[in-house]
Every structure is written in structure tokens, then in C-alpha cells.
Amino acid sequence: MTTFIRMIAVQCLFILFLASSSIHPASAQDASSAQASVLYAIEHVTVLPMTEDGVVLHDATVVIEGDRIISLEGPAPDGAQRIDGSGRFLIPGLVDMHVHVPGGVYLTPQEYPTQPPTVHFNTQDIMTPYIANGVTTIFNLGANPAHFGQRDAVENGDVIGPHMALAALIDGGGQSGRIANTPSDGRQAVRDAIAEGYEFIKLYSRLDAETYAAIIDEAHQHGLRTVGHIPNAFQGRLEGAFETPLDMVAHAEELTKHTENFSDDDAERFCQLLADSGTWLTPTMMVMERISSQSRSLDSIRESHAFQYVHPLFQSKWLTANQYNENSTPERTAYFENMVDFHRRLVRVCRTAGVPMLAGTDTLTSGVVAGFSLHDELELMVDAGLTNEEALASATRLPSIWLGVDSDRGTVDVGKRADLVLLEADPTQDIRNARLISGVFINGRWVDRSTLDSMLADLSQRNTESRDQYDWNRIRGR
Ligand SMILES: [Zn+2]
């Protein structure tokens, strides 16, 4: 493709403010006027704190003041807004550890040299599917300047959305972006990213081995954690990538691409490399499951309930410019299917080897819908052999530890941020119960089921009404 993307944070925010005040029935501005230091009490609730000891609190009263949990005991203080928790279960807000977020303005200057068409992403629309699914923190693995504006809009209460951790991506090769082809370039790229405010470093596939090691070393010297792909330079010598290890491998297939026969011995070898080096794994099993499905047919996208909540530009891309479907052959489909099966075995082996695993989805890849897909990943993790509690930990306590925010969130405890999900049924009995959300607290703001439903309905309606305006192939000049 001969297009490029430019991201302009200021314009993005401007559009956000234009759009969010009048159109949305449950707009952030309506809610923010009612949020200041409100006192809530969730009564008679079963709390699954997700602390390491696995303790469960029965018939608890959870008191929230401002953005904090101030008590796990009754009675409800005077003046508190009471929420009936009887028969319900309270868990920490969920974390998706691998997402990509539309941000800024997409331009195609080659096709429209004088007045390029622009696509503005409304931040509330991008964030609604996360919140509606109980996702209160996301890890953006391809952050750009527009995402700082989105993050700030959430944190200052203008948008109801998840906290966003920002990773700067560094790659090798010759194309646009943050490129480093020598160790000193790599170290400078890390220092630049830090100066710009990024909190994590993502390493990508075309880095050479020496630059890869230098980037990780420089990031660690500055106290930043690293995440990423394993560069192609380590093909045939995977062990070399673990001499200066990443803090987290971002996909199971970063390992899978180093095996040809998908053997159990290879799964053992990969998990041992992770365990010995202290590297965590975000398997993102569901994205390979989606790719495998799309290489057969796009029906699963069309029939997906969640598809209506995807921005129409990406609806168009997934259906009309789908690389996994267009280039499909029976051999390729079989290869993807083998990978899906191998990932299940790999996750099972890594669990036994004690490798910490985190729930992530690669949201925005074709067929992977924000928020909804995290629940698909949790089901796949359980299917691969994690207990329901372990799967929940992979999306609550453990990612908070990896992100370095565990003193603030990730468990239900006094003093912790009130990022919480109230469920209609027990997710430790069946992980699918984590989808049965009766309401979400984000930064101490209560968003109940009817508000979540009206936000979703509104988003779906506007996506559907504007669908004809977004033709991916025209807009991106394909
Ligand atoms: Zn990704």
C-alpha cells in the first residue's frame, strides 16, 4: 500500500468534544457532572478480591468514595447511594494486555493531494465497547501522540473509558515510524520515547539482534519494561533472544514461528526459555483463532454480534480488504489451524512451567472487537487448561503487577482504585459468567447496565447509519 497515517491529537480531541456532548444519551459529560466524591455502597455482595490468597468475602458491603474503595465492611454510611449486590459477584476491573486503538486522523494525500479525506475517531465511541465489557485498563502496543489525548480525556473524566498504558514501538528496516538499525540508534530511540512520555517500549520484528539487545538494555537502565515480537533475526537461534530477554512476549506465535512440526518438545523448549529468563507471555490465542476462521470464510465476522460496535472504517476493512481471507489457500488455512491447536498446548505447558500469562487480544486485528474479545480470550485460556481463577488473575492482578500499577488496582481492597465489575453470576464457577455484567465502576464512577446498554445501542446505530461513508479501499487509496 502506498498510503500513510498521520495522527493529530489536537484535532482528535476537538472532534471528541464536538461529538460527545449532544449525541450520546449517556454521554461522559452528563455522568461527570454527577461524579464528584459520590459515596456508593454495594451491599450483600460476594467479593472475589483476586488477591493471591484466593480469599472470598461473603455478604460484604463495599463502600466507595471518590475514586477509592474505602471499606469492605458495613453498614452503608449515611448518604451513600446503595447498589444491591445480593446474588451478585464483584471482581476487579479487567485488563486487556494487547490492544491497538484507532487514534487521530487518517489521511491519504497521494489520492487526494489538495484536500485529503479525513476520518476522525470519537474517543467515547472507541472506549464504549471496553467499558461495556468490564475492561477498565488497556495496554496500547502501538501508541502514537493521539493516544495521549485519548488517555487524558479518560483520566480527566470527559470520556468513560479504560486507563491506557502506552508503549512506543521501535522497529528496524527502512520505513516510517520509530526506526533503529544500530545499537546507538536503538538507545536514542528509547531515550526519545521516554522524553515524549511513553511508559513502555515495544520491540518489533525487523530489529537486528544487537539493536534489539541494546534497546532492552537502555529501557531497563531507565526503569522501563519491554514487550514485543521476537525479531526475525533470531530465526534458527531463538535462544539468542533470551540472552537479553524481553519482559513480556506479546503473542504465542512469536514462539510458534520457531517450530515447523508443532511438536510437544518444542512447546516444552519454548516455555522453558520463558521460565528460565523470567519472561511473561501474553498468548493472544483468540487472534490466531480469528485469523484461522477468516482464512476459511468471513461469515464469522458478518455473524458476530460484536461487529456492530466496530468503527465502520474497520468494518469495511475487515470485509473488503481482509488479508487473511484474500490470500487464503487450503495449506495456509491448515497451517493456521495447526497453530491454534499448538497454542492451546503451549499455554498448557507454560502453565505447568510456571510462566506468568496475561490476557490480551490484539484488538483491531480483523475480527477482534474491543472488550468483547477479552472474554473470548479468557474462555480460550480456560479451554487450554487454566482454572477459572487463574484466567481471571491473568486479566486482573497479574497484568497490574506487570504494568507496575498493582498498588493502585488489580485487586479489590481498601485503598485501591474503584475499578470494579459487578457480575450476575460467579465467574469462578464458569468463566463465561464474566460476561454477565450488571454494572461497572471506573475511577469510582458507576455505570449501570441500562447506561451501558444505551451507550452500546447508540454506538451501533451511528455506526450503521454512517457505514456507507467509510469505504476502506477508497479512503486508504488501495
Ligand atoms: Zn498487536
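In listed order, ligands and their atoms are each counted from 1.
Legend: protein N/O/S atoms lying under 2.8 Å from the Zn ion (ligand 1), waters omitted, number 3.
Under the ring-ring contact (aromatic ring centres under 6.0 Å, His included) criterion, Phe342 pairs with Phe262, not counting sequence neighbours. Among residues two or more places apart in sequence or in another chain, the side chain to side chain donor-acceptor pair (under 3.5 Å) test is passed with Asp383 by Arg344.
Applying the disulfide bond (SG atoms under 2.5 Å apart) test to pairs two or more places apart or on separate chains, those with a residue in residues 318-359 are Cys271-Cys350.
Taking 4.0 Å as the cut-off between side-chain N and carboxylate O, Arg290 and Asp376 count as a salt-bridged pair. Look at Asp67 and Arg445 and you find no salt bridge, because none of the NZ, NE, NH1 or NH2 atoms lies under 4.0 Å from a carboxylate O. Taking the charged nitrogens against the carboxylate oxygens, Arg191 and Glu218 do have a contact shorter than 4.0 Å, which makes a salt bridge.
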